[in-house]
Amino acid sequence: MNVKDRVVIVTGSGSGIGKEIMKRLTAHGAKGVVVDMNREAADKTAGEINAAGESAIAVTCNCTNKADVQAMVEETMSSFGKIDILVNNVGILRDNYLAKMPEADWDVVLNVNLKSYFLCSQAVVSNMMAAQYGRIINISSRAWLGNAGQANYSAAKGGIVSLTRTMALELGKFNITSNCIAPGVIDTPLIRSLRPDVQERLAKAQPTSRFGTPAEIAYAAHFFASDEAWYMTGQVLHICGGKSLGIYGH
Ligand SMILES: NC(=O)c1ccc[n+]([C@@H]2O[C@H](COP(=O)([O-])OP(=O)(O)OC[C@H]3O[C@@H](n4cnc5c(N)ncnc54)[C@H](O)[C@@H]3O)[C@@H](O)[C@H]2O)c1
């Protein structure tokens, strides 16, 4: 799964799944652009990578802000001269039942979890098209199939699947692939911020009865990011302990 000397941007790589993807790709020779709105977290990820003798820079960026995204792409180009791989990964939760969901919670989740994927993809594709090479990996969620209490999150994650498929259709002729990973419940700060009883209910609602790990998502991202994955595009890979198969009761 070759990614050597490829330049990879991972949004939200200051924490959780994004951080693990970034560490795996740089450990296999990619040059990393650690993008996060949390400066301290971005610096920490990049610092750990450089301390291990690999290569990364940290860039502070709010991925919902077009000017920030443009500046992040310019910084990547001036540091590394190209962009081979984009992993759109930022995501937040503002869960509530539809009847109770504040409009502001709908708006912020759609902005962070969907619009930022559009903005970051749009900002990198002209460079990828000129280079006739690119790998775009979008982190959706098993929740794209629907999840009670997550109308905003599910809608955004379903939008990511549609965006992924459309980009695959538009960009294939430029040797750019676009694929999606739909994780189940993965052990990250995002999930650990939920109430313990909610965490337990989530773990029991899937055949494997355990949380997944960020490393289990990073393996798949590494494949999609690699040269060898060229013939696979527009696909959704569920890594969710079987939860995408349907209702499961113990
Ligand atoms: N953890 C899970 O169980 C799970 C399951 C399915 C999908 N996902 C998805 O995986 C992705 C990563 O989730 P995680 O659990 O690692 O989350 P996390 O909270 O651990 O990390 C998310 C990172 O994104 C950054 N971020 C948030 N908004 C941003 C913005 N506007 N601009 C720049 N950076 C921003 C945060 O600062 C944080 O460092 C998300 O898209 C999430 O929806 C997670």
Side-chain angles (χ1 to χ4, degrees), residues 1-38 41-42 45-46 49 54-59 61 63-64 69 72-73 75-76 80 82-92 112-125 127-128 133-141 156-157 160-161 163-164 167-168 171 176-183 186 188 190 212-230 232-237 239:
M1 298 201 289
N2 184 46
V3 290
K4 191 160 167 39
D5 294 327
R6 296 291 183 194
V7 176
V8 55
I9 295 171
V10 183
T11 69
S13 47
S15 175
I17 292 170
K19 179 172 184 171
E20 195 69 24
I21 293 172
M22 180 54 90
K23 290 185 91 166
R24 184 174 173 95
L25 295 185
T26 50
H28 285 79
K31 298 180 190 320
V33 183
V34 179
V35 174
D36 208 289
M37 66 192 296
N38 180 333
T45 302
I49 291 166
E54 291 132 21
S55 172
I57 59 167
V59 181
C61 169
C63 296
T64 66
V69 169
M72 176 273 285
V73 167
E75 196 170 337
T76 303
F80 294 121
K82 61 174 186 165
I83 300 168
D84 298 302
I85 304 160
L86 168 68
V87 183
N88 283 308
N89 164 78
V90 295
I92 57 168
V112 175
N113 295 15
L114 181 58
K115 188 178 175 187
S116 78
Y117 286 47
F118 157 70
L119 288 176
C120 292
S121 301
Q122 190 182 51
V124 302
V125 289
N127 289 306
M128 288 181 175
Y133 186 90
R135 299 279 183 267
I136 300 176
I137 299 140
N138 294 320
I139 306 300
S140 176
S141 165
K157 294 299 187 181
I160 289 172
V161 172
L163 175 65
T164 301
M167 290 198 297
L171 301 172
I176 300 168
T177 65
S178 161
N179 288 291
C180 213
I181 297 173
I186 307 300
T188 70
L190 188 81
T213 65
E216 286 167 322
I217 304 304
Y219 293 134
H222 184 178
F223 168 67
F224 281 134
S226 70
D227 293 352
E228 291 86 345
W230 158 225
M232 191 167 184
T233 192
Q235 303 304 308
V236 184
L237 181 63
I239 307 177

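We use all heavy atoms of the structure for the numbers below, so side chains are in, but hydrogens, waters and symmetry mates are not. All residue numbers refer to positions in the sequence shown, counting from 1.
Listed by chain and residue number, Asp84 satisfy the side chain to side chain donor-acceptor pair (under 3.5 Å) test with Lys82 (two or more places apart in sequence, or in another chain).
A distance of 9.5 Å separates CG in Asn88 from CD1 in Ile9, rounded to the nearest 0.5 Å. We find the CD-CG distance between Glu54 and Leu25 to be 11.0 Å, quoted to the nearest 0.5 Å. Atoms NZ and SG, on Lys115 and Cys120 in that order, are 11.5 Å from each other to the nearest 0.5 Å. Considering OG1 of Thr177 and CE of Met232, their distance stands at 10.0 Å, rounded to 0.5 Å. Taken from CZ in Phe80 to NZ in Lys31, the straight-line distance is 7.0 Å, to the nearest 0.5 Å. Annotation: the span from Lys157 atom NZ to Leu114 atom CG amounts to 9.5 Å, rounded to 0.5 Å.
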Steps toward side chain to side chain contact (heavy atoms under 4.5 Å, CB included) verdict (Ile239, Leu237): CA-CA 6 Å; Ile239 307 177; Leu237 181 63; 4.0 Å; yes
Worked verdict on Val124 versus Val73 for side chain to side chain contact (heavy atoms under 4.5 Å, CB included): CA-CA 7 Å; Val124 302; Val73 167; 4.0 Å; yes
Candidate pair Ile181 and Ile137, rule side chain to side chain contact (heavy atoms under 4.5 Å, CB included), full reasoning: CA-CA 7 Å; Ile181 297 173; Ile137 299 140; 4.1 Å; yes
Side chain to side chain contact (heavy atoms under 4.5 Å, CB included) assessment of Val69 paired with Cys61: CA-CA 6 Å; Val69 169; Cys61 169; 4.1 Å; yes
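A donor-acceptor pair shorter than 3.5 Å can be found between the side chains of Asp227 and Tyr133.
In terms of heavy-atom proximity, Val3 sits nearest to Ser226 at CG1-CA, 3.9 Å. Between Asp36 and Ala42, the shortest heavy-atom distance links the atoms CB-CB, 4.0 Å. Residues Ser140 and Cys180 approach most closely at CB-SG, 3.6 Å, considering heavy atoms. Shown here for Ala225 and Arg135, the closest heavy-atom pair between the two residues is O-CG, 3.5 Å.
Asn179 places a side-chain N or O within 3.5 Å of a backbone atom of Gln235 that can act as its donor or acceptor partner. When atom types are taken as modelled, the side chain of Asn89 and the backbone of Asn138 share no donor-acceptor pair closer than 3.5 angstrom. The closest donor-acceptor contact from the side chain of Thr233 to the backbone of Ser178 lies under 3.5 Å.
Taking 4.5 Å as the limit, every side-chain heavy atom of Ile49 sits out of range of all side-chain heavy atoms of Ser55. Looking at Val34 and Ile57, their side chains never come closer than 4.5 Å, going by heavy atoms from C-beta outward. Side-chain contact between Tyr219 and Met1 is absent, with no heavy-atom pair separated by less than 4.5 Å. Within the 4.5 Å cutoff, the side chain of Ile186 has no heavy atoms near those of the Thr213 side chain. Using a 4.5 Å cut-off on side-chain heavy atoms (C-beta onward), Ile85 and Val7 make no contact. When side chains are defined from C-beta on, Thr188 counts as touching Pro214, because their heavy atoms get closer than 4.5 Å.
Identified under the side-chain hydrogen bond (donor to acceptor under 3.5 Å, both in side chains) test for residues 7-24, with sequence neighbours left out: Lys19-Glu48, Lys23-Glu48, Arg24-His222.
Of the listed residues (Val10, Val90, Asn113, Ile21), just one forms a side chain to side chain contact (heavy atoms under 4.5 Å, CB included) with Ile139, and that residue is Ile21.
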